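Source: prediction; values computed, not measured. Residue numbering restarts at 1 for every chain, and letters A, B, ... go by the order of the sequence lines.
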Number of protein chains: 2
Amino acid sequence: MSNGLPEQGSGSQAGDPGQAPRPAPTMADVARRAGVSAMTVSRALKGAGTVSDLTRRRILRAVDDLGYVLDRTAGTLSSRRSGFVAVLIPSLNNSNFSDTAGGIGRRLEGSGLEMLLGATGYDRGREEDLIAALLRRRPEGMVVTGGSHTERARLLLGAAGIPVVEMWDLPPEPIGHVVGFSNAAAAAALVHHLHARGYRAIGYIGGSTDRDTRGSDRRRGYERAVRDLGLPQGLTVACGSPPIAMDQGSEAVVRLLERSPETDAVVCVSDLSAFGALSECQRRGWSVPGRLAIAGFGDFELSRSCHPRLTTVSVDAPAIGDGVGDLLLRAIAAGRADAVLAPETRRMPFAILQRETT
Amino acid sequence: MSNGLPEQGSGSQAGDPGQAPRPAPTMADVARRAGVSAMTVSRALKGAGTVSDLTRRRILRAVDDLGYVLDRTAGTLSSRRSGFVAVLIPSLNNSNFSDTAGGIGRRLEGSGLEMLLGATGYDRGREEDLIAALLRRRPEGMVVTGGSHTERARLLLGAAGIPVVEMWDLPPEPIGHVVGFSNAAAAAALVHHLHARGYRAIGYIGGSTDRDTRGSDRRRGYERAVRDLGLPQGLTVACGSPPIAMDQGSEAVVRLLERSPETDAVVCVSDLSAFGALSECQRRGWSVPGRLAIAGFGDFELSRSCHPRLTTVSVDAPAIGDGVGDLLLRAIAAGRADAVLAPETRRMPFAILQRETT
DNA sequence: GCCCTCGATGTTATCGATAACAGGGCGGCG
DNA sequence: CGCCGCCCTGTTATCGATAACATCGAGGGC
């Protein structure tokens with residue numbers, strides 16, 4: 001790395017508003033300085049093609065001298081490859097999703113594909129907007145969370161002609177590839193687990209809207225299991241719109257026990273609300289799991305660390321990301337060979353972690 | 001919105017690997033169908049310029065019919081405006097940073113600028129790589145977290161000729177604009193607060209590397225305050241590399257009290273490690289704050305919700321984002337008028353939230 | 001009634017890199 | 001000794017949109 005970067009753009013230096021910044025050097029400038037053609041510079045810079053060692057060194061030298069930075073915008077246009085995939089998750093600040101994003105990123109490393117992240121805020125309209133905005137930048141693949149999208153979002157994705165992966169769910173009518181699991185089955189399994197441990201009046205705390213479709217699936221799974229087991233129904237508390245926060249769990253558990261004091265266990269839509277419920281019980285001196293057993297969903301760091309440790313459902317979020325990345329790479333490779341990778345659905349496992357709150 | 005999207009790209013349909021996907025329609029195709037020139041389509045689509053209502057309607061109709069999606073890549077090249085700013089944060093899954101990112105995004109809404117997020121993993125080398133990769137896509141502005149970067153990162157940013165904002169810190173030698181606060185001063189204030197409440201043997205739990213520069217600043221602030229107050233020194237526990245997790249806090253608090261049983265309070269580098277310490281104390285039956293007072297940093301949702309509630313330092317993360325967004329907008333506007341916005345430093349307030357653990 | 005202005009649209013050149021093809025030199029093989 | 005082919009490099013055309021300038025017609029002020 002040469003230390004002397006260029007003469008150009010002393011950009012945000014103190015206020016001389018007159019100083020017109022020189023235009024950034026282009027590949028042609030580098031070529032001129034190295035005494036070669038632009039094409040050779042292009043080849044040298046991307047490592048592909050054949051460039052003699054001497055020439056390459058001269059070019060890299062010129063790049064350093066000028067402080068040249070490749071313009072991928074132009075490259076994208078002429079090569080028709082943007083070199084990135086778009087990934088939409090409901091929320092950045094949710095370790096399940098950010099772990100998955102991390103897994104995708106790791107899988108893509110070294111492949112020449114970058115990952116561009118967007119957060120929908122659990123809002124299908126916002127997801128649609130983001131999809132439209134991202135497609136304008138010509139991603140080579142698109143990953144969305146869940147299987148529920150606006151009509152137009154589905155149309156856009158279908159017509160984009162790029163691989164699409166839906167994750168964290170098992171959509172009944174997938175758009176393309178899928179890497180996920182059944183949230184309903186996981187919640188049902190949790191209810192069965194509680195039943196096996198002797199709990200009989202099992203409640204549920206979750207969102208009051210269907211915005212979070214994974215949350216809704218969990219509620220449906222819970223309801224089915226309770227019905228199948230012949231347990232009392234109607235122990236559901238709706239506590240607002242997603243993302244369901246800790247204090248919503250706190251409020252909900254109080255409402256639940258006031259309304260239905262016979263409740264001896266509760267399943268929460270996520271570890272966050274479960275933790276809120278747990279803390280509230282501690283504040284009020286309600287023993288957990290003595291008075292009330294509490295189970296969460298997601299195996300967040302929190303639930304491993306708190307006291308008592310939260311029983312929860314664990315999903316291998318990074319592995320979902322890895323699977324998504326793998327599918328993307330294969331589908332994009334296929335696309336470059338003018339083929340199409342037949343849609344795949346990967347069912348990921350989940351596990352119930354019996355800990356101290358149940 | 002028309003419902004019939006185009007004939008093109010039935011993309012990821014089942015496996016007929018021969019089917020060459022039609023190329024996506026271009027602006028010229030839309031123009032032809034609407035009976036106008038491409039330029040008029042461009043004007044109609046971006047709302048700028050003057051296009052008669054009738055023509056606009058005809059164009060939008062053609063866009064819908066063809067399922068046309070604007071190609072921003074080409075637009076970027078010819079207009080020399082990418083329409084996005086890059087934001088680098090250490091970790092996605094940290095509500096402080098993701099809240100700030102949210103604040104930036106909200107501020108940018110409607111401005112025609114999109115936000116592209118990258119995570120450095122608290123790694124300066126990775127930050128440098130990300131900066132280099134992002135600059136190739138010609139962002140109109142760049143936001144980085146903290147004031148410590150590799151030499152080359154500084155050079156790249158300085159030479160890019162775009163507004164640069166450093167946030168969440170007060171760098172001694174800023175690259176451009178700054179929106180932050182002194183982490184050292186905040187930690188010192190926390191120590192003084194504990195001292196005022198009667199604590200005398202105040203320990204510190206934090207990372208063992210300088211990778212997280214905000215964490216290091218906090219440690220320095222703690223050390224200075226302890227020295228200034230004449231309190232016992234040497235009560236620092238180093239517990240690994242960032243991001244410091246909850247269970248590192250758990251381990252550290254045990255080590256601290258084994259090594260220095262006289263300790264009556266501890267400041268943690270963040271709420272996460274503080275919560276880990278708190279939980280561990282509860283597991284071992286050590287009363288908090290009776291046996292040991294615990295304070296965190298960051299005012300995460302967790303610390304408001306847990307029992308007992310954590311004393312912590314609160315920073316208005318979305319407000320930092322708002323300030324960053326505001327600076328970006330003004331600086332970019334100035335740049336478009338061939339001017340330069342003189343570097344600004346915005347000092348943000350922090351507050352100590354006295355709660356139940358101290 | 002004439003000229004000026006402005007609104008609506010078209011034309012041309014350009015942004016910066018890369019795909020595709022072309023060509024020149026040199027060594028090996030028959 | 002000549003030809004084939006390979007390694008390296010250059011030339012030309014193109015990607016898709018937009019800036020800048022040109023054009024044309026209609027309406028309004030004096």
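Under the rule for a side chain to side chain contact (heavy atoms under 4.5 Å, CB included), the partners of Arg57(A) that lie at least two apart in sequence or sit in another chain are Asp53(A). Scanning for salt bridge (charged side-chain N to carboxylate O under 4.0 Å, His left out) contacts around Glu344(A) gives Arg330(A), Arg346(A), with sequence neighbours left out. In terms of the ring-ring contact (aromatic ring centres under 6.0 Å, His included) criterion, residue partners of Phe97(A) (sequence neighbours excluded) are, by chain and number, Trp168(A). Listed by chain and number, the residues in a side chain to side chain donor-acceptor pair (under 3.5 Å) with Ser148(B) are Arg124(B) (sequence neighbours excluded).
For the pair Leu54(B) CG and dG7(C) P, the interatomic distance rounds to 18 Å; values are reported in whole Å. What separates CZ of Arg32(B) from P of dG10(C) is a distance of 14 Å, to the nearest Å.
Paired with Val324(B) under the rule side chain to side chain contact (heavy atoms under 4.5 Å, CB included), one option of Val178(B), Val165(B), Leu329(B) passes, and it is Val165(B). A side chain to side chain contact (heavy atoms under 4.5 Å, CB included) with Leu70(B) holds for exactly one of Leu45(B), Thr26(B), Val41(B); it is Leu45(B).
The side chain of Thr40(A) contributes no N or O atom lying less than 4.0 Å from OP1 or OP2 of dT9(D). Remark: Thr55(A) is in phosphate contact with dT9(D), judged by side-chain N or O atoms under 4.0 Å from OP1 or OP2.
Taking a cutoff of 4.0 Å between a charged side-chain nitrogen and a carboxylate oxygen, Arg106(B) and Asp322(B) do not qualify as a salt bridge. A salt bridge links Asp65(B) with Arg61(B): at least one charged nitrogen is closer than 4.0 Å to a carboxylate oxygen.
End-to-end axis angle of the helix from dG1(C)-dC30(D) to dG30(C)-dC1(D), using five pairs per end and rounding to 10°, comes to 30°.
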Using a 4.0 Å cut-off on protein heavy atoms (strictly under), produce a 5'-to-3' string for nucleotides 12-21 of chain D with B for base contact, S for backbone-only sugar-phosphate contact, and - for none.
-> ---BBBSBB-
